[in-house]
Amino acid sequence: MKKIICILLFISIGAGCARDINSFTGDFELAVITTSSSVERSTVNYFSDGLKLLGSNSYEYAEFGTHFTQPQYTDDNFVYIIPKGLSKYHNTKKIIGLNLGETKKDIVVNIDKSNIQSQAISDQYVFVASNLNGVSYLSRIDKETERLLDKEYKGEYLYLVIAYDNHIYAFIQDLANSSVRIEVLNYNLELKKVITNKLIGQNHSKYVIHNKMLYLSQPFDIDDKAVRDLLVIDLELQEFNRIITLSSNYPSDIYVYKDNLLITHTNDVMPMGKTISVYNLSEEKDAVYMLETKIMTSALCENYLYIADMEGNLSKFDIENDFELVAKAEIDVDNKYISNIIAK
């Protein structure tokens with residue numbers, strides 16, 4: 001049974017993000033977030049293109065981002081991150097929009113939902129997926145009226161939301177049989193279509209949209225077996241399109257690079273992989289590259305791929321020169337871990 005509920009929400013600009021007095025402002029190439037599950041203290045470290053540390057800002061959040069999901073970039077120069085909170089509670093109940101401009105004046109979206117799993121951002125709304133005590137919630141926050149629209153899914157796991165062309169694609173797993181369906185809803189959270197196919201697996205969290213096609217990394221099939229698949233959804237027809245089978249298991253981060261899909265391969269639970277795939281969309285085949293570093297999280301910026309591992313090593317690879325290592329830096333992760341890399 002599904003219910004729609006309308007309640008009030010408060011959105012604040014530039015509040016709720018406690019920072020050190022000597023906060024960083026100015027230009028940068030990329031940022032790396034270090035965080036902790038047990039302490040409400042996180043740091044955003046800003047780097048030049050040569051991986052020189054330019055400065056940092058501190059935030060009083062635990063689990064500020066995670067390599068299990070990807071940051072959400074918007075056209076107004078913000079990137080949205082979920083600070084889940086202390087691992088025992090996951091009740092920060094916020095989404096943070098980091099300002100990628102020189103002012104670093106961030107946006108804080110307060111929402112009365114614990115255990116937020118996913119987010120999607122449109123011009124007018126913020127959408128989030130959350131779950132608690134066997135109930136999942138799809139929530140829509142109106143940025144102007146400060147109202148929240150909720151849809152409940154009892155006994156089901158809503159784990160991913162994607163916004164595209166005035167529609168939400170909600171990925172829902174049946175807790176009884178593990179099957180996954182994709183609900184297509186309008187921005188009023190009214191159901192318009194359901195996409196199902198026996199080839200749709202699980203654990204989708206990394207995706208990219210290109211030429212009205214949604215490409216998702218699919219590291220596991222419906223039986224929880226490791227696979228090497230990309231799930232492709234036609235966003236114009238709103239239907240299952242195909243499965244692309246790659247040469248390596250555990251597809252993770254995925255990007256569009258020229259006429260290619262660039263995919264990192266690593267098990268997000270134990271990120272030890274060192275493989276990159278470059279899938280040519282015209283020729284429908286992939287080339288495989290082996291790196292010298294383990295992959296936990298990554299970011300693409302122009303012709304370079306930035307990768308961080310569990311030990312705090314940040315590496316810059318030149319894509320045009322067969323992923324040659326061109327720069328490296330070490331990040332202090334004492335009692336912390338790297339959650340996300342943010343490319344400007």
Side-chain angles (χ1 to χ4, degrees), residues 12 15-24 30-47 53 55-72 79-98 104 106-119 128-137 157-160 203 205-206 252-253 266-273 293-299 306-314 329-342:
S12 61
C17 285
R19 295 230 195 114
D20 287 342
I21 295 175
N22 297 319
S23 59
F24 171 78
L30 77 157
V32 179
I33 301 176
T34 58
T35 190
S36 169
S37 298
S38 58
V39 179
E40 291 179 316
R41 189 69 167 175
S42 299
T43 304
V44 180
N45 304 282
Y46 297 92
F47 290 86
L53 181 62
S56 62
N57 288 328
S58 296
Y59 295 82
E60 294 179 353
Y61 298 126
E63 290 195 27
F64 192 21
T66 172
H67 68 281
F68 286 95
T69 62
Q70 61 192 42
Q72 294 294 304
V79 58
Y80 287 79
I81 306 290
I82 301 170
K84 297 190 74 171
L86 297 171
S87 59
K88 186 177 181 180
Y89 306 105
H90 283 170
N91 62 352
T92 302
K93 300 181 180 181
K94 300 177 187 294
I95 291 178
I96 309 301
L98 296 178
K104 306 298 180 292
D106 303 328
I107 292 175
V108 182
V109 180
N110 296 291
I111 176 170
D112 191 22
K113 285 288 182 287
S114 298
N115 203 26
I116 297 175
Q117 300 294 318
S118 179
Q119 58 171 330
V128 298
S130 63
N131 53 73
L132 186 66
N133 298 327
V135 180
S136 290
Y137 301 89
Y157 178 44
L158 170 63
Y159 62 91
L160 177 64
N203 286 47
S205 64
K206 315 290 183 64
S252 185
D253 295 339
T266 195
N267 185 336
D268 288 337
V269 177
M270 292 294 292
M272 308 289 284
T293 185
K294 299 172 185 175
I295 303 168
M296 185 172 71
T297 188
S298 66
Y306 295 89
I307 289 177
D309 63 17
M310 295 177 64
E311 288 76 36
N313 296 303
L314 177 63
E330 292 185 7
I331 299 174
D332 182 10
V333 291
D334 186 32
N335 297 318
K336 289 184 177 182
Y337 59 88
I338 295 173
S339 61
N340 293 115
I341 305 176
I342 299 166

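Nothing here was measured: the structure is a model prediction, and the numbers come from that model. Nothing fancy with the numbering, it's 1 onward along the sequence.
Taking both residues in full, the closest heavy atoms of His90 and Gly85 are given as CD2-O, 3.5 Å, listed atom of the first, atom of the second, then distance. Of all the heavy atoms in Ser339 and Thr297, the pair that sits closest is O-OG1, 4.0 Å. Minimum heavy-atom separation, Ser37 to Tyr337: OG-OH, 3.4 Å. In terms of heavy-atom proximity, Phe64 sits nearest to Ser42 at CB-OG, 3.3 Å. Taking every heavy atom of both residues into account, Leu86 and Val39 meet most closely at CD2-N, 3.8 Å. Closest heavy-atom contact between Gly312 and Val333: CA-CG1, 3.9 Å.
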Query - Verdict with reasoning, Glu60 to Arg41, per side-chain contact (heavy atoms from CB on, under 4.5 Å) - result: CA-CA 5 Å; Glu60 294 179 353; Arg41 189 69 167 175; 4.2 Å; yes

- request: Show the numbers, then the answer: is there a side-chain hydrogen bond (donor to acceptor under 3.5 Å, both in side chains) between Thr35 and Glu63?
  value: CA-CA 6 Å; Thr35 190; Glu63 290 195 27; over 6 Å; no

message = Using the rule given for side-chain contact (heavy atoms from CB on, under 4.5 Å), can you reason through Val109 versus Val128, listing the C-alpha separation, both sets of side-chain angles and the distance that settles it, and then say yes or no?
response = CA-CA 11 Å; Val109 180; Val128 298; over 6 Å; no

- prompt: After noting the C-alpha distance and the side-chain angles of Thr43 and Lys336, does the key distance pass the side-chain contact (heavy atoms from CB on, under 4.5 Å) rule?
  reply: CA-CA 10 Å; Thr43 304; Lys336 289 184 177 182; 3.0 Å; yes

Open item on the list: Using side-chain contact (heavy atoms from CB on, under 4.5 Å), reason through Leu314 and Glu330 one step at a time and then give a plain yes or no.
Closed with: CA-CA 6 Å; Leu314 177 63; Glu330 292 185 7; over 6 Å; no

Take Asp268 and Ser252 through the test side-chain hydrogen bond (donor to acceptor under 3.5 Å, both in side chains) and record every step on the way to the result. CA-CA 7 Å; Asp268 288 337; Ser252 185; 3.1 Å; yes

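Surrounding CD of Glu311 are more than 12 heavy atoms belonging to other residues, nucleotides or ligands, all under 6.0 Å away.
When atom types are taken as modelled, the side chain of Thr92 and the backbone of Pro83 share a donor-acceptor pair closer than 3.5 angstrom. For Gln119 (side chain) and Tyr80 (main-chain N/O), a donor-acceptor pair under 3.5 Å exists by modelled atom type. Between the side chain of Thr266 and the backbone N or O of Ile295 there is at least one donor-acceptor pair closer than 3.5 Å. For Asn91 (side chain) and Ser114 (main-chain N/O), no donor-acceptor pair under 3.5 Å exists by modelled atom type.
Expressed to the nearest 0.5 Å, how far OG of Ser298 lies from CD of Gln70 amounts to 9.5 Å. Taking CD1 from Ile81 and CD1 from Ile33, the interatomic distance works out to 4.0 Å, rounded to the nearest 0.5 Å. If you take CG on Asn115 and CG on Asn131, they are separated by 4.5 Å, rounding to the nearest 0.5 Å. In this structure, CD in Gln117 is found 9.5 Å from OG1 in Thr66, a value given to the nearest 0.5 Å. The CG atom of Asp253 sits 8.5 Å away from atom OG of Ser205, with the distance rounded to the nearest 0.5 Å. Here the CG atom belonging to Leu30 is positioned 10.0 Å from the CG atom belonging to Asn45, to the nearest 0.5 angstrom.
Both tests do not hold together for Lys94 against Tyr61: distance to the six-membered ring centre under 6.0 Å, angle to the ring axis within 45°.
Under the 4.5 Å side-chain criterion, counting only non-hydrogen atoms from C-beta, Ile111 is not in contact with Tyr137. Looking only at side-chain heavy atoms (C-beta outward), Asp106 and Tyr59 come within less than 4.5 Å of each other.
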